[in-house]
Amino acid sequence: MSLRVYDSAARSVVPFEPAHPSRVSMYVCGPTVYGLVHIGNARTFLWFDLIRRYLTYRGFEVTFVMNYTDVDDKIIERARQEDVDEETLAHRYSEAFEGDMKALGVGAPDILARATEHIPDMVAAVEGLVEQGFAYEADGNVFFAVERFDGYGRLSGRSLEDMRAGQRVEPHPAKQHPLDFALWKAAKEGEPSWSSPWGPGRPGWHIECSVMSIRYLGMGFDLHGGGSDLIFPHHENELAQAEALTGEAPFVRHWLHSGMVQMQSEKMSKSLGNIVTARQALDRFDGEVVRMWALSGSYRTQVVFSEQALRDAAAAYDRWKTFHESCAHLLGSVAAQSEAQDSYRDRFIAAMDDDFNSSVAVAVIHDLVREGNGRLGAVERGDSAEHGRLEVLAGTFIELTSVLGFAFAPQVVSDELAGSLIDYLLELREQARAEREFERADEIRKRLGSMGVVIEDTPSGARWRLASPTG
Ligand SMILES: [Zn+2]
């Protein structure tokens with residue numbers, strides 16, 4: 001079986017078909033860097049990190065582009081509140097975002113595109129849309145004319161009439177249709193602005209993603225991701241702008257959207273308080289636990305953020321950690337052994353190929369751990385026949401958990417670090433001798449000797465060398 005994904009544009013599960021059979025180009029809408037990232041958004045980024053890891057595991061060469069929206073109404077407002085300029089504010093919160101992502105084990109994108117570094121490209125795109133009659137200028141603003149783009153509403157599956165009925169915002173008086181959206185906003189007093197053919201101003205939010213995704217990945221890139229709250233209007237508008245501007249289709253081959261997080265505010269216990277940001281969750285729980293929670297439901301489903309859900313995730317993560325520690329203790333360092341056949345791997349891949357069904361994939365690893373714990377007990381009781389099977393299970397465990405972004409793989413100690421540690425032990429031995437603690441000094445020499453490190457006392461002090469393998 002091959003990978004199948006729920007494509008929001010098709011509104012069904014379809015075979016994943018990138019333009020090139022072994023490469024995937026993906027774009028995910030990044031944060032507006034005006035505050036700490038909400039736990040719901042953090043889950044979206046955790047999920048697209050997982051999707052990227054899984055695609056890589058399945059042999060695709062992935063190029064992952066994400067943007068930072070660093071010019072926006074919310075940024076301008078927050079900069080005033082914090083009494084700094086917009087650039088300082090955006091820098092402050094993009095660093096905070098990166099810290100949170102690191103704690104959650106989310107990898108950095110291959111290309112990070114900041115809106116403010118692509119303004120000339122955006123101005124050129126808006127000019128192109130005006131020239132082709134898809135956009136019009138009014139008082140220094142430029143609006144996209146939704147009625148002139150055939151198929152506006154295709155992605156979200158709504159007609160213009162439906163959307164007009166759902167319109168809550170008071171339309172700008174210069175708009176020809178209430179759903180027309182800003183491509184360019186005329187500068188207001190004291191706001192950051194750039195020069196343009198329509199006077200000083202700044203880009204509307206949607207244009208940045210069309211421009212930057214096409215710039216780095218080209219039209220018809222493979223996967224566009226984001227939270228399901230972005231389908232309308234943001235992604236609908238991205239699609240309209242990109243296809244209108246280039247005259248090509250499709251803008252994107254597959255649209256993937258992650259579900260929202262439901263905050264269990266009514267029942268939220270006192271100890272959890274009112275956690276809303278990823279930072280607050282990370283203050284209470286390890287990044288691995290938050291990751292486990294994020295994977296407990298599949299990406300499209302709505303998950304509940306509650307004290308109990310996080311405690312369940314912590315218990316599940318503990319089972320894995322204990323299994324890994326016991327294996328490492330018994331078997332020495334455990335490494336992934338991808339050559340060994342294992343039905344757990346087959347079941348894991350079948351689950352993940354089914355629109356990234358992580359709840360089943362996690363259950364498969366729990367099954368593996370259950371069998372592994374049984375074999376562990378047998379090996380501990382001296383049944384050496386179970387040793388080989390346990391090694392395979394431990395190796396598969398490392399492999400599959402690392403696809404999910406958990407770092408159980410052994411940390412490699414460099415020769416340099418090992419050397420400094422031995423030097424330090426030699427120093428401790430010297431100290432012991434100076435304090436006439438000869439027993440302790442001798443114990444250090446013996447322990448190092450049992451690890452194959454030979455100590456030689458010379459007139460200029462102690463030296464060490466590795467014993468030759470034959471003794
Ligand atoms: Zn976007």
Side-chain angles (χ1 to χ4, degrees), residues 7-9 24-35 37-38 40-49 51-52 63-75 90 93-94 97 101 106 108-119 121-126 129 135 144 146 149 152-156 179 181-185 202-246 249-260 299:
D7 186 319
S8 308
V24 173
S25 47
M26 67 185 276
Y27 183 93
V28 173
C29 293
T32 300
V33 283
Y34 75 105
V37 64
H38 183 275
N41 290 335
R43 180 172 179 263
T44 294
F45 297 121
L46 265 164
W47 255 105
F48 284 99
D49 176 65
I51 289 172
R52 174 205 206 177
T63 304
F64 175 33
V65 180
M66 192 179 78
N67 68 308
Y68 280 165
T69 300
D70 56 356
V71 55
D72 175 80
D73 291 339
K74 285 178 280 198
I75 290 175
Y93 287 108
S94 45
F97 175 78
M101 291 301 111
V106 172
D110 298 306
I111 297 170
L112 181 62
R114 288 179 176 81
T116 53
E117 290 170 4
H118 296 78
I119 305 277
D121 288 350
M122 291 186 231
V123 169
V126 177
L129 287 166
F144 186 93
V146 294
F149 176 70
Y152 187 78
R154 185 171 7 117
L155 178 64
S156 53
L179 287 170
F181 55 89
L183 295 169
W184 188 260
K185 295 179 172 184
R202 60 191 164 93
W205 172 36
H206 314 295
I207 192 69
E208 70 180 66
C209 287
S210 303
V211 165
M212 297 191 292
S213 60
I214 297 172
R215 155 103 189 242
Y216 294 108
L217 302 173
M219 276 298 280
F221 65 89
D222 300 313
L223 190 165
H224 194 318
S228 59
D229 55 338
L230 296 184
I231 296 175
F232 185 83
H234 184 54
H235 288 167
E236 191 74 62
N237 294 352
E238 279 189 33
L239 187 157
Q241 293 163 154
E243 295 188 0
L245 179 67
T246 62
F251 168 44
V252 169
R253 294 176 73 87
H254 296 291
W255 288 93
L256 271 65
H257 291 102
S258 61
M260 296 288 100
Y299 75 103

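All ligand and atom numbering here is 1-based and tracks the order in the structure. Just so you know, these numbers use all the heavy atoms, side chains as well, and skip hydrogens, waters and symmetry mates.
The residues K185 and D72 are annotated as not salt-bridged, no charged nitrogen and carboxylate oxygen being separated by less than 4.0 angstrom.
Residue-level check: among N/O/S atoms of E238, OE2 sits closest to the Zn ion (ligand 1).
Within the coordination shell of the Zn ion (ligand 1), defined by N, O or S atoms under 2.8 Å, H235 is absent. The Zn ion (ligand 1) has an N, O or S atom of C209 inside 2.8 Å of it.
The shortest heavy-atom contact between A242 and F251 is CB-CD1, 3.3 Å.
Note on ring orientation: taking the six-membered ring where Trp is involved, the planes of Y299 and F48 are perpendicular (angle over 60°, cut-offs 30° and 60°). In this structure, H235 and H257 have tilted ring planes: the angle between them lies in the 30° to 60° band.
For C29 atom SG and H234 atom NE2, the angle they make at the Zn ion (ligand 1) is roughly 120°, to 10 degrees.
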